[in-house]
Protein chains: 2
Amino acid sequence: MCPMTEGTVRLDATAKRIIELLQEDGRISYAAIAKAVGLSEAAARARVQKLLDSDVMQVVAVTDPTQVGFTRQAMIGVRTEGDPMKVGDRLALVREVDYVVTTAGSFDLLVEVVCEDDPHLLDVIRQIRELEGVVSSETFVYLKLNKQHYNWGTR
Amino acid sequence: MCPMTEGTVRLDATAKRIIELLQEDGRISYAAIAKAVGLSEAAARARVQKLLDSDVMQVVAVTDPTQVGFTRQAMIGVRTEGDPMKVGDRLALVREVDYVVTTAGSFDLLVEVVCEDDPHLLDVIRQIRELEGVVSSETFVYLKLNKQHYNWGTR
DNA sequence: CAAAGAATCTGCGGTAATCGCAGAATTAAC
DNA sequence: GTTAATTCTGCGATTACCGCAGATTCTTTG
């Protein structure tokens with residue numbers, strides 16, 4: 001439900017290099033990883049598995065939702081009363097919500113939603129505003145996705 | 001530089017199912033995909049390759065940046081004058097920027113940045129505000145990542 | 001410091017997946 | 001209806017994956 005939030009794991013240089021390789025190509029073979037980092041194939045495989053098991057990293061397909069039938073995306077800024085984390089965790093349970101962060105600033109939470117069309121988005125917004133602890137919200141409908149990348153390890 | 005923005009490709013049910021499988025596990029074997037969608041291994045492999053080549057989908061490792069040495073993340077709302085797309089495309093060139101969307105609402109652009117620390121973030125904000133066409137900006141520093149997922153194909 | 005314990009690594013054999021290609025089948029274009 | 005283009009199947013040859021046994025390194029503890 002909510003991956004990668006618990007205690008920070010210690011990552012050595014090899015682990016970071018492995019992550020970088022998989023950020024460039026999530027389907028690279030274990031053998032290629034092993035050669036690149038100077039380990040045996042079995043060791044490389046074990047390290048990848050450990051990174052996955054500990055939720056430090058996940059390897060997934062990422063798409064532009066508009067190309068897969070979800071034509072309405074939006075970011076919703078939410079102001080809360082009480083504990084923002086609590087509201088955030090509840091928002092995380094909403095199916096259409098794919099991204100929730102607690103922030104400092106004029107919003108307490110930023111929530112990204114993926115919807116099929118405008119009525120669907122409207123319904124999700126209603127759903128969010130009815131949540132206990134939500135004071136107000138502001139919606140930013142996506143017009144164009146200009147950039148999306150995941151390889152900040154490799155710069 | 002800027003993937004998945006051009007003309008929408010036609011996706012049939014099989015392509016969608018393949019995407020769903022890879023959203024759950026980016027390292028699933030071609031053989032397993034083939035069995036799941038009822039194609040030969042070679043055909044499944046060709047279709048995955050096509051989806052990757054056409055930038056409909058990318059398979060990548062995704063991490064919580066805070067665990068990999070980038071402790072300061074933020075969303076920056078940007079107001080522009082002139083063509084927001086133009087500014088958005090220029091923002092996409094900034095190294096620390098991993099996500100840019102053009103939006104409707106009180107911001108014209110939403111920009112996510114990944115930084116190593118506060119001074120680094122400060123520098124990136126300065127950099128953004130100096131860009132031609134940027135009128136003002138508002139920064140939302142991330143305190144906690146509550147949810148992050150990529151499998152809206154599978155609901 | 002020494003010894004026990006835990007974690008991590010290497011090497012390897014059996015199995016399974018990947019790759020590339022030739023030809024068949026299907027779909028699209030005219 | 002014919003041509004062209006795309007997509008699929010089948011199948012060797014190659015390569016990668018998996019699990020494990022034993023060696024090595026790192027950590028803990030008396």
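The model shown is predicted, which means the values in this text are computed figures rather than measured ones. Every chain is numbered from 1, with letters handed out A, B, ... down the list of sequences. In what follows, every heavy atom counts, from backbone to side chain, and hydrogens, waters and symmetry copies are set aside.
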| Does A:Lys50 place a side-chain N or O at less than 4.0 Å from the phosphate oxygens OP1/OP2 of C:dT8? | yes
| Looking at A:Arg45, does any N or O in its side chain come under 4.0 Å of the phosphate oxygens OP1/OP2 on D:dG19? | no
Give the rounded distance in Å between these two atoms: [atom1] of [X] and [atom2] of [N].
{"X": "B:Arg47", "N": "C:dT18", "atom1": "CZ", "atom2": "P", "value": "17 Å"}
{"X": "A:Gln49", "N": "D:dC18", "atom1": "CD", "atom2": "P", "value": "8 Å"}
{"X": "B:Leu39", "N": "C:dT26", "atom1": "CG", "atom2": "P", "value": "14 Å"}
{"X": "A:Asp53", "N": "C:dA7", "atom1": "CG", "atom2": "P", "value": "14 Å"}
{"X": "B:Lys35", "N": "C:dA16", "atom1": "NZ", "atom2": "P", "value": "11 Å"}
{"X": "B:Asp25", "N": "D:dC17", "atom1": "CG", "atom2": "C1'", "value": "14 Å"}
{"X": "A:Ile28", "N": "C:dA17", "atom1": "CD1", "atom2": "C1'", "value": "17 Å"}
{"X": "B:Tyr30", "N": "C:dG20", "atom1": "OH", "atom2": "C1'", "value": "13 Å"}

| Do you know which of A:Val78, A:Leu109, A:Asp108 makes side-chain contact (heavy atoms from CB on, under 4.5 Å) with A:Val134? | A:Val78
| query | Of the options A:Val60, A:Val62, A:Thr63, which is the one that meets B:Gln23 in a side-chain contact (heavy atoms from CB on, under 4.5 Å)? | reply | A:Thr63
| message | What's B:Ser40 touching, base or sugar-phosphate or nothing? Going by heavy atoms closer than 4.0 Å. | response | base
| query | Which sits closer to the 5' end of DNA chain C, A:Arg27 or A:Ala43, going by the nucleotide each is nearest to? | reply | A:Ala43
| said: Taking the minimum atom-to-atom distance to the side chain of B:Ala42, which one of C:dC21, C:dT18, D:dC17 wins? | reply: C:dC21
| said: Of the options C:dC19, D:dT9, D:dG19, whose atoms approach the side-chain atoms of B:Glu41 most closely? | reply: C:dC19
| query | Do you know the tightest heavy-atom contact between A:Ile33 and A:Ala44? | reply | CG2-CB, 4.1 Å
| note | Heavy-atom closest pair (A:Ala74 atom, A:Thr139 atom, distance to 0.1 Å) is CB-CG2, 3.9 Å
| Geometric cation-pi criterion B:Arg27 and A:Tyr30, 6.0 Å radius, 45° cone | yes
